[in-house]
There are 4 protein chains.
Amino acid sequence: MPRPRSAAADTAILDAARRLFGEGGLGAVTVEAVARRAGVGKQTVYRRYADRNAVLAAAWLEVAEGEVVVPESADPERDLALFLKRLFGAFGANAEPLRSLMAQAQFEPELRQTLRAAFIDRRRATLADLLRRLAPGASQADVGAVVDMAFGAMWYRLLVGHDTPGPALARRLAKLASAALA
Amino acid sequence: MPRPRSAAADTAILDAARRLFGEGGLGAVTVEAVARRAGVGKQTVYRRYADRNAVLAAAWLEVAEGEVVVPESADPERDLALFLKRLFGAFGANAEPLRSLMAQAQFEPELRQTLRAAFIDRRRATLADLLRRLAPGASQADVGAVVDMAFGAMWYRLLVGHDTPGPALARRLAKLASAALA
Amino acid sequence: MPRPRSAAADTAILDAARRLFGEGGLGAVTVEAVARRAGVGKQTVYRRYADRNAVLAAAWLEVAEGEVVVPESADPERDLALFLKRLFGAFGANAEPLRSLMAQAQFEPELRQTLRAAFIDRRRATLADLLRRLAPGASQADVGAVVDMAFGAMWYRLLVGHDTPGPALARRLAKLASAALA
Amino acid sequence: MPRPRSAAADTAILDAARRLFGEGGLGAVTVEAVARRAGVGKQTVYRRYADRNAVLAAAWLEVAEGEVVVPESADPERDLALFLKRLFGAFGANAEPLRSLMAQAQFEPELRQTLRAAFIDRRRATLADLLRRLAPGASQADVGAVVDMAFGAMWYRLLVGHDTPGPALARRLAKLASAALA
DNA sequence: CCTTAAGCGAGACGGTACGTCCAGTCTTTGG
DNA sequence: CCAAAGACTGGACGTACCGTCTCGCTTAAGG
């Protein structure tokens, strides 16, 4: 009976959030500004998202969806390098918002949880699978450590800003991981 | 000629900030609360720090000053493990504020710079030295990547929260780094 | 379409302002205190009034609305005395806030205008009528001067505080006005 | 032994206050601004004046000093008219600050007292003398009422702003006072 | 076709913190 | 002891968002 939620509002909200981020960083993405920019009432935002952080999460986790394609050739090290290269490429496109999101998550446990559930954990699992194919004999713990090293290197560069995670890092990481787990 | 700034106020402000962080996280560290807790006028805070973020920066950067002791035994892999173990231990003691600091730095380019200068770069250089002693033949680029992998793993765990960087990670990292650069 | 402004908040704000004035004079009527006392957010005050002064204005102008009853007996001097007596009586009840209002108006041209329109001019017109009935031959200018003398005496006593405008002054003013315009 | 107070500072302070009033009204006359403009420390102001209001009083009551010259010819009504004319003229020159001062005095009992002592009372006494010479038989109370009417009319016009107290008012006031007390 | 329940844009609501500005006091160094 | 300078506590200012609540209006679906 009730009127269904407007799909137009859905996209308008997330678009507005992304546009505002582009213009003024995370600080410009206030719920009020998003609602105004989207031509939507504040309540329409809060009907969809619990709070500001949920909006932020939705806006950029949506963007980051579906970017995890697992190559499955005969050469596991090539597969690994390719996977990381693609990942870093996709990341690079959204480096700024993801960096901000990770930072924001440090202040908001709930957002941190969401980030892990929607983003981190899946990627860790996928990389772990790839590594196990690469080195079937490696211990669970070593695989976990290598996963943290690979993603850690990427985030570390993003956060510290001394270098960019790109194809070169992907190649090197694949090589070093192979050697480490051999 | 004018009255000099009160050193008592200096320490009272930073102490108050740290205590409030301990009690309620970053959100509890408002300028107003800091001033009240420190028994100081708000203006006295704003005379020292441009804004809330500057207060946060000062409070945690002061805490995070400290020695990086480099072990130099005959066994480079042991040295590496020991170095990382100590580092992770020292970090762990201030994990929460440092996590917040790194997050805050993502919103404050100036703080990010300070953080690198006072923290990150020194530790990266030290680790790079250790790695070069461990694997004299390794390329500069590989060493850099391994440094990012090691510190990256630590920060990544801190930020994502799925695991703690502790002695076990230190050992494993040392082992994997050895293997990777061999 | 939006939710209409709360009438309860309207009255709560002005009541709070008046009560605070009663307790601590004009100095006690801060926007923050008003909001707190009224059980209202600061923004709710600022949504209605441009600033603190506008709140003060509204609070006392509302109080000061009231009838100017013109007695019309066969004895114009008695009528005059009665009119002034009533006026002074009504004034006396709100002497403090009105005194403050007149003072505040000296800093706020807009309020000064409002005060004249809602207050001063009507009373001046009424008194001028009464005086013309009392002394049909008096010049317009003399009548105007006497009006200023009568109200002036009242305000002067209020502002300077050396004496109170009461029935005695009303009688004397009526007598002197009669003599002056004869 | 003690260094004497600087006369230069004395005048610099009051000049600064008057200049600031000219530029931005009473609101611009803060103690800090006065001190800065006068090239003087805040304490030097507070050494001379109890508080901001005392500075204001000093700045404009000094200006208004010595303006009361009592004419003593054979024609008391002419004397009265002349006295009022001069008074209004002197007033007119400082109408704005005196208006502000009277307004401010409504919020600051101490200032109100000062204003009376240094200004109002002397003028009232002088006018009462003149009136007694004009009408030796008039009752004390009637004289007092006429004094309030005359000064009241002046202040009333100043405060309400519907007309200016000038020579015309002075003449009319003299005439009406004569008639009233006859 | 007509209820009816929920969605909608708009923006008011109680709160809380921000960063600014003065008041009036205190504390330096230097006449 | 006076002076200039400016730091000190204290507290109000007016602004900006947060997340909630409430208007009048619109839009399905089920009776």
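Worth knowing before you read on, the calculation uses all heavy atoms, side chains too, and leaves out hydrogens, waters and symmetry mates. Numbers restart at 1 for each chain; the letters A, B, ... are given by sequence-line order, proteins then strands.
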Query raised in the report: Which one, E/dC8, E/dC13, E/dG19, comes nearest to the side chain of A/Ala9?
Result: E/dC8
**Report entry** Electrostatic pair B/Asp10:B/Arg48 at N-O distance under 4.0 angstrom
**Finding:** yes
Query raised in the report: Between C/Trp60 and C/Phe21, how do the two ring planes meet: parallel, tilted or perpendicular, split at 30° and 60°?
Result: perpendicular
Query raised in the report: In whole Å, what is the span from the OH atom of A/Tyr49 to the P atom of F/dC18?
Result: 15 Å
Query raised in the report: Would you find more than 12 non-hydrogen atoms of other residues, nucleotides or ligands less than 6.0 Å from C/Glu23 atom CD?
Result: yes
Report task. Residues of residues 38-47 of chain A with any non-hydrogen atom less than 4.0 angstrom from an atom of DNA chain F: list those, numerically ordered, please. Result -> A/Lys42, A/Gln43, A/Tyr46
Requested in this report: Give the ring-plane orientation class for D/Phe107 versus C/Phe107, where under 30° counts as parallel, over 60° as perpendicular and anything between as tilted.
Outcome: tilted
**Report entry** Whole-Å distance separating the CG atom of D/Leu56 from the C1' atom of E/dA23
**Finding:** 13 Å
Query raised in the report: Taking for each residue the nucleotide of DNA chain E bearing the nearest heavy atom, is the 5' side occupied by B/Glu32 or by C/Arg5?
Result: C/Arg5
Query raised in the report: If you pin C/Gly27 and B/Pro4 to their nearest nucleotides in DNA chain F, which one's is more 5'?
Result: B/Pro4
Requested in this report: Mind calculating the distance between CG (D/Asp51) and P (E/dC22) to the nearest angstrom?
Outcome: 17 Å
Query raised in the report: Side-chain N or O of C/Arg52 less than 4.0 angstrom from OP1 or OP2 on F/dA12?
Result: no
Query - Any D/Arg36 side-chain nitrogen or oxygen under 4.0 Å from OP1 or OP2 of E/dC21 - result: no
Report task. Rounded off to whole Å, could you give me the CG-to-P distance for the D/Asn53 and E/dC22 pair? Result -> 16 Å
Report summary line: A/Gln104 atom CD is separated from F/dC17 atom P, nearest whole Å, by 15 Å
Query raised in the report: Going from CG on A/Leu56 to CD on A/Gln104, what distance comes out if it is rounded to the nearest 0.5 angstrom?
Result: 6.0 Å
**Report entry** Nearest-angstrom distance from the residue atom CZ of D/Arg48 to P of E/dT25
**Finding:** 16 Å
Requested in this report: Using only heavy-atom distances, decide whether a donor-acceptor pair under 3.5 angstrom links the side-chain of A/Arg3 to the base of E/dA6.
Outcome: no
Requested in this report: Report the distance from atom CZ of D/Phe107 to atom P of F/dA12, rounded to the nearest whole Å.
Outcome: 17 Å
Query raised in the report: Under a 4.0 Å N-O cut-off, is there an ion pair linking C/Glu62 with C/Arg18?
Result: yes
Query raised in the report: Any donor and acceptor pair, going by atom type alone, linking the side chain of D/Arg37 with main-chain N or O of D/Glu32 inside 3.5 Å?
Result: no
